[in-house]
Amino acid sequence: MTPHVAHQGEATLDRISWLKLSSVTLPLATPVSDAKVLTGRQAPMTEVAFLFVEVGTEQGHEGIGFSYSKRAGGPGQFAHAKEIAPALIGEDPSDIARIWTKLVWAGASVGRSGLSTQAIAAFDIALWDLKAKRAGLPLAKLLGAHRDSVRCYNTSGGFLHTPTEKVLENATASLAGGIGGIKIKVGQPDGKADLRRLTAVREHLGDDVPLMVDANQQWDRPTAQRMGRALEEFGLTWIEEPLDAYDAQGHAALAASLDTPVATGEMLASVAEHYELLRHNAADIIQPDAPRIGGITQFLKLAALAEHQHVQLAPHFAMEIHLHLAAAYPYEPWVEHFDWLEPLFNERLHISDGRMHVSSRPGLGITLSEQARAWTQAVHEVGARP
């Protein structure tokens, strides 16, 4: 990768003059447990840390973006963002790809994936939001939408800490609220417990409601093969993260052996890591997370690679961002519904008839709520606000 030096001429009509970084901690109402907790690898999750970036220009245009971290890493993202933020001052906000590369080089010694690019993601997303707002378009329309709504499924009601009867109640409420599919967590130490729970959910939903399961990387290869065969009878839309996120060959063998589609990718932190999945034909459905892989610029590169291989798309978490990106993907995708983030924003996404709808609001269509401001742990500003 060769560093680029800006040669701004008369085509540069605006420049970045101000940045505000905010570290926000979102508390969860109930500690959340999936298979990683039941296998002893992690403690229950009690909060989510967010890095918000607000960017302003000399001409008065503004954008907002965010990244996030679960359990650990939030303070690190904020610290890295503070170090690289001055590199944006004076840049043309339209030069998003070049700015991304400049930010990577500003922190080159810590690499091009993981925490460093997750910090860059918040800047990148803010710049895309700004560009779409300046154009007066929802981000999906700026990118070139294939549809104005996307199939959506709920995850937050099916975690393993939730009793089965409550999972059934949550599923009923989700469907009544217009959501189109239900995902539940599996991967308990006793696989029979997973099958009993899944049987109850499938019987409750009936055969026509799309149903997914997520093992959160907690099976080894023999267990994934055995459980995958046992799950075939449930007519699942997919089995998610049956193996370690970096086991591309294992995922490929499993996907080739099962009728049920295999989905994975949410824990990967770069386009290069996702390319290993694509290169090995390791996933029927790829699940990138824009804040994790470096933002929208990187997501679009990955989407092009996935499209070339005719792979389906179901982005992970952050529906406020991923609705727009999924709407711009050629093959009919899914978006994951989590209501956890709703207190952070003044706006709500419209969901009906099994689909999440792109609003007419420009950009991402979100503004930070007063509650988000109240949960702010630290603020850092660079430059001068117009």
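Values below: all heavy atoms of this structure, side chains included; hydrogens, waters and symmetry mates excluded.
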ask   = Counting only heavy atoms not in Asp353, do more than 12 fall under 6.0 Å of its CG?
value = no

query = Thinking salt bridges, do Glu276 and Arg279 make one under a 4.0 Å N-O criterion?
reply = yes

task = Please report the C-alpha distance between Glu240 and Thr264 in whole Å, then the side-chain angles of each, then the deciding distance to 0.1 Å, and finally whether the side chain to side chain donor-acceptor pair (under 3.5 Å) criterion is met.
result = CA-CA 6 Å; Glu240 183 170 331; Thr264 191; over 6 Å; no

request  = Please say whether the positively charged group of Lys183, taken as NZ for Lys or CZ for Arg, lies over the ring of Tyr153, i.e. under 6.0 angstrom from the six-membered ring centre and within 45 degrees of the axis.
outcome  = no

query = Heavy-atom distance under 4.5 Å between the side chains of Glu336 and Pro315, does that happen here?
reply = no

task = Any chance you could measure Arg147, atom CZ, to Glu332, atom CD, to the nearest 0.5 Å?
result = 5.0 Å

query = Val150 versus Pro333: any side-chain heavy-atom pair under 4.5 Å?
reply = yes

ring-ring contact (aromatic ring centres under 6.0 Å, His included) between Phe345 and Trp340, worked out = CA-CA 11 Å; Phe345 307 114; Trp340 295 357; over 10 Å; no

key: Close side-chain approach of His161 to Pro31, heavy-atom, < 4.5 Å   = no

task = Indicate yes or no: does Asp148 engage Lys141 in a salt bridge with an N to O separation below 4.0 Å.
result = yes

query = Heavy-atom count around Gln249 CD within 6.0 Å, excluding the residue itself: above 12?
reply = no

inquiry  = Side chains of Ile84 and His80, heavy atoms from C-beta outward: is any pair under 4.5 Å?
reply    = yes

key: Residue pair Val24, Gln377: steps toward the side chain to side chain contact (heavy atoms under 4.5 Å, CB included) verdict   = CA-CA 6 Å; Val24 177; Gln377 307 296 309; over 6 Å; no

message = Measuring only between side-chain heavy atoms, which start at C-beta, is His61 closer than 4.5 Å to Pro93?
response = no

ask   = Relative to the ring of Phe317, is the ring of Phe338 parallel (under 30°), tilted (30 to 60°) or perpendicular (over 60°)?
value = perpendicular

ask   = In terms of hydrophobic clusters joined by side-chain contacts under 4.5 Å, are Leu88 and Leu51 together?
value = yes

Criterion salt bridge (charged side-chain N to carboxylate O under 4.0 Å, His left out) on Glu273 and Arg292, from CA distance to verdict = CA-CA 11 Å; Glu273 291 169 6; Arg292 282 184 176 164; over 6 Å; no

ask   = By the rule that ILVMFWY residues connect when side-chain heavy atoms come within less than 4.5 angstrom, directly or transitively, which residues belong alongside Ile239?
value = Val167, Leu168, Leu175, Ile182, Ile184, Val186, Leu195, Leu198, Val201, Leu205, Val209, Leu211, Val213, Trp219, Met227, Leu231, Phe234, Leu236, Leu254, Leu258, Val262

ask   = Looking at CD of Glu54 and OG of Ser22, how far apart are the two atoms once the value is rounded to the nearest 0.5 Å?
value = 5.5 Å

query = Any Lys/Arg nitrogen of Lys82 or Glu381 sitting under 4.0 Å from an Asp/Glu carboxylate oxygen of the other?
reply = no

query = Within a strict 4.5 Å, meaning less than it, do heavy atoms of the Ile293 and Leu268 side chains meet?
reply = no

Ion pair check, Glu91 and Arg98, cut-off under 4.0 Å = yes

inquiry  = Strictly below 4.0 Å, N to O, side chains only: are Arg373 and Glu370 in salt-bridge contact?
reply    = no

inquiry  = Before you tell me yes or no, could you show the steps for Glu58 and Ser17 under side chain to side chain donor-acceptor pair (under 3.5 Å), namely the whole-Å CA-CA distance, both residues' side-chain angles and the distance that decides it to 0.1 Å?
reply    = CA-CA 6 Å; Glu58 293 175 353; Ser17 60; over 6 Å; no

task = Evaluate the criterion side chain to side chain donor-acceptor pair (under 3.5 Å) for residue pair Arg134 and Ser94; output intermediate values, then yes/no.
result = CA-CA 10 Å; Arg134 189 178 58 207; Ser94 294; 2.7 Å; yes

Hphob cluster co-occupancy, Ile64 + Leu103, side-chain heavy atoms under 4.5 angstrom = yes

request  = Over 60° means perpendicular and under 30° means parallel, so classify the ring planes of Phe66 and Phe50, tilted if in between.
outcome  = perpendicular

task = Answer yes or no: is there a side-chain heavy-atom contact under 4.5 Å between Leu143 and Leu300?
result = yes

request  = Step through it carefully: locate the ring centre of His146, locate the ring centre of Tyr329, and say whether they are under 6.0 Å apart.
outcome  = no

remark   = Of Asn216, Thr162, Asp34, the one forming a side-chain hydrogen bond (donor to acceptor under 3.5 Å, both in side chains) with Lys185 is Asn216

task = Might you work through the side chain to side chain contact (heavy atoms under 4.5 Å, CB included) test for Thr297 and Ile99, ending with a clear yes or no?
result = CA-CA 10 Å; Thr297 299; Ile99 290 172; over 6 Å; no

task = Report yes or no: is the cationic atom of Lys131 (NZ for Lys, CZ for Arg) closer than 6.0 Å to the six-membered ring centre of Trp128, at no more than 45° off its axis?
result = yes

ask   = Please walk me through it: do His357 and Ser352 pass side chain to side chain donor-acceptor pair (under 3.5 Å)?
value = CA-CA 8 Å; His357 298 261; Ser352 64; 3.0 Å; yes

